[in-house]
Asker: 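Let me begin by handing over the structure; questions about it come next.
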Amino acid sequence: MIPNGLTHEHAMHLQAAELERTIAMLRSLSEDEWSAQTDCPAWDVRRMYLHVLGACEAGASMRENVRQFVSARRLQRREGGPLEAALSAVQIRSRLDLTPAQIVSRLGSIAAPMVRARTKVPALARRAKIKVDGPVVERWTAGYLIDTIYLRDLWMHRVDACRATGQMISLSVDHDAVIVADVVNEWAHRHAQPCRLTLTGPAGGVFEFGSDPKSVATVPDLDFDAVDFCRTLSGRAAGSDLLATVVPF
């Protein structure tokens, strides 16, 4: 069972705040920066935020959510690959004519309705199980997808955009460090090995898992920048040993 360290209410507050930070960042981009290549090989900044916009519009509208899902299933049957990739492709292809200004405008308009719609998803529906086939093959609760994965996706894409454009990413203890700590706890659950982890920067913290003070066994001491740590777990940078453990974003 994947631990969900965020309550539904807290996750929704974080998603609303993350969207505010994302929109502020996007408004600051120059025309050239929208075409900067990101760490997602097929996406420049504009295509990446066509995907984000599509996900938010699906989150705000059950009709749009169903339309995207049905189209993604058809695309997956034709072209193969995981459903996640097909869904992203559908979101981008149906919005390719949007300019950067239109993306920002539509994202600003849909942010609050999307958060309200996700907030209202009842507990029974959030407990429903769904199959996923990438980046891991396992079963999730719908609540894990709604609360955790959608939040991480928004956050990591802001990291991607800032790296692509050379902007300094805005990080704080009350927001980013909470998201990172949730990633850390899931990572420790997935690898299930004792370790001590120090993450530096405003989103960082100090974590210890499974160590016995009476034991003489050596416990790995790991030290990383908090954002780089998350990029590695997401597959954006190479990781070895415990950092080869995949955590979905």
Side-chain angles (χ1 to χ4, degrees), residues 6 8 11-26 34 38-76 81-98 100 102-121 125-126 128 130-136 140-161 164 179 182-183 230 234-236 247-249:
L6 301 173
H8 181 56
M12 294 302 101
H13 284 306
L14 290 170
Q15 286 189 34
E18 183 57 38
L19 279 164
E20 289 179 2
R21 294 182 181 210
T22 292
I23 292 166
M25 181 271 297
L26 293 176
W34 280 89
T38 72
D39 286 333
C40 304
W43 296 350
D44 60 10
V45 173
R46 188 178 78 92
R47 284 177 178 262
M48 187 168 71
Y49 278 98
L50 292 175
H51 148 65
V52 170
L53 174 61
C56 288
E57 291 182 337
S61 165
M62 180 57 69
R63 184 174 184 175
E64 174 63 12
N65 187 46
V66 171
R67 186 199 69 78
Q68 289 186 19
F69 183 79
V70 171
S71 297
R73 281 292 190 196
R74 289 172 180 161
L75 182 62
Q76 184 187 37
L83 181 62
E84 175 197 31
L87 185 58
S88 295
V90 165
Q91 291 161 346
I92 291 168
R93 292 177 189 181
S94 62
R95 293 166 175 79
L96 270 177
D97 61 338
L98 295 182
Q102 289 170 325
I103 294 170
V104 175
S105 177
R106 278 175 58 166
L107 195 57
S109 296
I110 205 64
M114 182 275 288
V115 172
R116 283 197 300 270
R118 288 181 180 167
T119 300
K120 292 178 181 178
V121 177
R126 296 198 309 272
I130 56 177
K131 293 181 180 179
V132 294
D133 55 5
V136 291
W140 294 348
T141 64
Y144 175 71
L145 176 66
I146 292 168
D147 295 346
T148 301
I149 297 300
Y150 287 152
L151 173 62
R152 289 179 189 167
D153 186 68
L154 278 170
W155 184 80
M156 184 54 74
H157 286 324
R158 182 162 61 94
V159 171
D160 293 333
I179 297 170
D182 187 55
V183 172
C230 291
S234 74
R236 286 162 170 80
V247 175
F249 277 78

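Only a predicted model underlies this, so the values are computations on that prediction, with no experimental measurement involved.
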Asker: Determine the minimum heavy-atom distance between Cys230 and Val183, stating which atoms define it.
Answerer: SG-CG1, 4.1 Å
Asker: Could you grab the distance from atom CZ of Arg152 to atom CG of Leu6, nearest 0.5 Å is fine?
Answerer: 8.0 Å
Asker: Output all residues satisfying side chain to side chain contact (heavy atoms under 4.5 Å, CB included) with Glu20, sequence neighbours left out; order by chain, then residue number.
Answerer: none
Asker: Donor-acceptor check, side chain of His8 to backbone of Gly143, threshold 3.5 angstrom: yes or no?
Answerer: no
Asker: Looking at every non-hydrogen atom in both residues, tell me the closest pair between Leu107 and Leu19 and how far apart they are.
Answerer: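 Distance-wise, the nearest heavy atoms are CD1-CD2, 4.3 Å.
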Asker: Sequence neighbours excluded, which residues qualify as side-chain hydrogen bond (donor to acceptor under 3.5 Å, both in side chains) partners of Asp39?
Answerer: Arg163, Arg231
Asker: With a 4.5 Å heavy-atom cut-off, do Cys56 and Tyr49 have their side chains touching?
Answerer: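 Sidechains of Tyr49 and Cys56: no contact.
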Asker: Which atoms form the tightest heavy-atom contact between Val115 and Met12, and what is the distance?
Answerer: CG1-O, 3.8 Å
Asker: Tell me, please, which residues at least two apart from Ser234 pass side chain to side chain contact (heavy atoms under 4.5 Å, CB included).
Answerer: Met156, Arg236, Phe249
Asker: According to side chain to side chain contact (heavy atoms under 4.5 Å, CB included), who are the partners of Ile130, at least two apart in sequence or on a separate chain?
Answerer: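 Counting only residues at least two positions away or on another chain, Ile130 forms a side chain to side chain contact (heavy atoms under 4.5 Å, CB included) with Trp140, Leu145.
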Asker: What's the shortest heavy-atom distance between Cys40 and His157, and which atoms?
Answerer: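 Where Cys40 meets His157 most closely, the heavy atoms are SG-CE1, 4.1 Å.
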Asker: Got a sec, which pairs hit salt bridge (Lys or Arg N to Asp or Glu O under 4.0 Å) with one end in residues 52-70, sequence neighbours left out?
Answerer: Glu57-Arg95, Glu57-Arg106, Glu64-Arg67, Glu64-Arg95
Asker: Not counting sequence neighbours, which residues clear side-chain hydrogen bond (donor to acceptor under 3.5 Å, both in side chains) with Arg93? List them please.
Answerer: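 Listed in chain order: nothing, the list is empty.
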Asker: For Trp34, enumerate each residue passing the ring pair (Phe, Tyr, Trp, His ring centres under 6.0 Å) test, keeping only those at least two apart in sequence or located in another chain.
Answerer: none
Asker: Under the side-chain hydrogen bond (donor to acceptor under 3.5 Å, both in side chains) test, which residues partner Asp133, sequence neighbours left out?
Answerer: Gln76
Asker: Run the side-chain donor-acceptor check on residues 84-92: report pairs under 3.5 Å with partners two or more places apart or on a different chain.
Answerer:
unit_1 : atom_1 : unit_2 : atom_2 : d
Ser88  : OG     : Glu84  : O      : 3.2
Gln91  : OE1    : His51  : ND1    : 2.8
Gln91  : NE2    : Gln68  : OE1    : 3.0

Asker: Can you list the residues that meet the side chain to side chain contact (heavy atoms under 4.5 Å, CB included) rule with His13, with sequence neighbours excluded?
Answerer: Glu9
Asker: So, for Ala142 and Ala125, which heavy atoms are closest and what is the spacing to 0.1 Å?
Answerer: CB-O, 3.5 Å
Asker: So, using side-chain hydrogen bond (donor to acceptor under 3.5 Å, both in side chains) as the criterion, who are the partners of Ser71 when residues are at least two apart?
Answerer: none
